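For reference, the structure is listed below as structure tokens.
Along the sequence shown, residues carry numbers from 1. Since the model is a prediction, treat every value here as computed from it, not as a measurement. All heavy atoms count here, side chains included; hydrogens, waters and symmetry mates do not.
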Amino acid sequence: MKKKQLAAIPFDVRLMNTLATGLLVVSLLMLLSYAVVWLARLPLFAIRGVVVSGDVSHYNAITLRANVIPRLQGTFFTVDLDQARAVFESMPWVRRASVSRDFPNRLRVRLQEHQAVAYWGDEGDARLVNSYGEVFEANLGELERENLPRLQGPRVQSAEVLKMYAALNQRFAPMDLGIEALRLSARGAWTAQLASGTDLELGSGQADELLSRVDRFLATVSQVTQRYQRSPEQLASVDLRHQDGYAIRMDGVGTLRPDELKKR
């Protein structure tokens, strides 16, 4: 019966009815979209707060809100979370940030801060090295401790420099001769300074080779210095670049005989 009734309606009338229905649906969807956009832009949903978790040694919700929110674009619904994350990560001390929405007008951010383990560069440089071997810039006045070693070298090799520092410091620490500074030159040569002030020439080569030289030195240095009534802390310089041994210079110990000194 229904098929006969539909067949009785002319095709052009049915087409007009279908088009009218389609236009009505499209119009309703457009109105709904405009309404959603209008609601999303209401001041009620403007970002007004930040909930912070994770590492918060250098930041809290108040400081982040003051420094980050003015740089964000959009409301709770329209803010670009990737752009917001980039803004948070541009802050000094922030290594990583994950950002999510917190209805109706806040952002929830979890921070991972840089953990400074060394200075980087020349004396007075504001750069630091974190525990991952990454170089970053921050206010040195905000350091939790100031007695950090100083590392130098090509920035792209900062992780390698930190790794070498850790290996050397582990070896010298039992003798109370920690590493105060370590430098890798552009040509691949390593030099260090011990906490006692001793200058250490390591030379170039693979890490295993360099550490083998250090182990050989540490195994005999106490015996060598005792011959001259000295201690390892009184070494002025050490040269480990020799293949079958090493050269040292001790404070107050010369290589000339007494009779040669009188001639001078």
Side-chain angles (χ1 to χ4, degrees), residues 115-125 127-131 133 135 140 143-155 157-264:
Q115 302 298 319
V117 297
Y119 297 106
W120 181 263
D122 297 325
E123 191 76 30
D125 200 319
R127 291 178 296 173
L128 297 162
V129 182
N130 67 17
S131 55
V135 178
L140 300 185
L143 279 171
E144 296 179 356
R145 66 185 186 95
E146 298 180 358
N147 59 330
L148 298 175
R150 181 167 296 280
L151 307 181
Q152 294 176 279
R155 181 163 180 165
Q157 293 178 274
S158 58
E160 180 183 349
V161 176
L162 178 62
K163 184 177 180 180
M164 177 61 74
Y165 163 77
L168 290 173
N169 201 52
Q170 183 180 22
R171 284 165 165 77
F172 280 94
M175 299 183 67
D176 294 325
L177 294 172
I179 303 296
E180 189 171 272
L182 178 64
R183 180 178 182 272
L184 173 62
S185 73
R187 295 185 176 183
W190 295 88
T191 56
Q193 185 177 62
L194 305 183
S196 59
T198 303
D199 293 323
L200 188 65
E201 291 279 358
L202 295 165
S204 57
Q206 297 297 319
D208 292 344
E209 179 185 355
L210 297 174
L211 295 175
S212 178
R213 298 175 193 169
V214 172
D215 291 336
R216 181 179 58 194
F217 162 71
L218 291 175
T220 58
V221 63
S222 294
Q223 299 173 2
V224 173
T225 54
Q226 284 175 4
R227 294 179 185 175
Y228 300 93
Q229 292 78 49
R230 296 291 189 276
S231 66
E233 290 85 354
Q234 293 175 290
L235 289 169
S237 64
V238 178
D239 190 343
L240 303 181
R241 294 174 294 179
H242 304 278
Q243 183 175 357
D244 299 320
Y246 56 84
I248 61 175
R249 184 167 62 86
M250 289 179 283
D251 292 330
V253 177
T255 57
L256 296 178
R257 297 192 305 272
D259 58 330
E260 291 177 326
L261 289 173
K262 290 179 181 180
K263 295 178 181 180
R264 290 195 160 200

Does a side-chain heavy-atom distance below 4.5 Å link [X] with [Y]?
X    : Y    : result
E201 : Y246 : no
Y165 : V129 : no
Q152 : V161 : no
V214 : L240 : yes
V221 : V238 : no
M164 : L211 : yes
W190 : L200 : no
L162 : V117 : yes

Which atom of [X] lies closest to which atom of [Y], heavy atoms considered:
X    : Y    : answer
L143 : A116 : CD2-CB, 3.8 Å
S222 : M175 : OG-CE, 3.7 Å
P174 : Q170 : CD-O, 3.3 Å
E146 : Y119 : O-OH, 2.8 Å
L182 : A192 : CD1-CB, 3.9 Å
S204 : G188 : CB-O, 3.2 Å

Does the [X] side chain pair with the main chain of [Y], one donor and one acceptor, at a distance under 3.5 Å?
X    : Y    : result
Q234 : S231 : yes
R150 : G121 : yes
D199 : S237 : no

Requested in this report: Report the C-alpha distance between I248 and D239 in whole Å, list the side-chain angles of each, state the deciding distance to 0.1 Å, and finish with yes or no for side-chain contact (heavy atoms from CB on, under 4.5 Å).
Outcome: CA-CA 6 Å; I248 61 175; D239 190 343; over 6 Å; no

Query raised in the report: What do you reckon, is CD of E209 surrounded by more than 12 foreign heavy atoms closer than 6.0 Å?
Result: yes

Query raised in the report: More than 12 non-hydrogen atoms from neighbouring residues, nucleotides or ligands closer than 6.0 Å to CZ on R145, yes or no?
Result: yes

Gap between atom [atom2] of [Y] and atom [atom1] of [X] - 0.5 Å precision:
X    : Y    : atom1 : atom2 : value
T225 : E233 : OG1   : CD    : 8.5 Å
Q193 : R183 : CD    : CZ    : 13.0 Å
R249 : T198 : CZ    : OG1   : 9.5 Å
Q226 : Q223 : CD    : CD    : 7.5 Å

Report summary line: Between S158 and the options N130, L151, L184, V135, the side-chain contact (heavy atoms from CB on, under 4.5 Å) test singles out V135

Report task. For L168 and L202, run side-chain contact (heavy atoms from CB on, under 4.5 Å): C-alpha distance rounded to whole Å, both residues' side-chain angles, the deciding distance at 0.1 Å, then the answer. Result -> CA-CA 11 Å; L168 290 173; L202 295 165; 3.8 Å; yes

Query raised in the report: Hey, what's the ring geometry for F172 with F217, parallel, tilted or perpendicular (30° and 60° as the breaks)?
Result: tilted

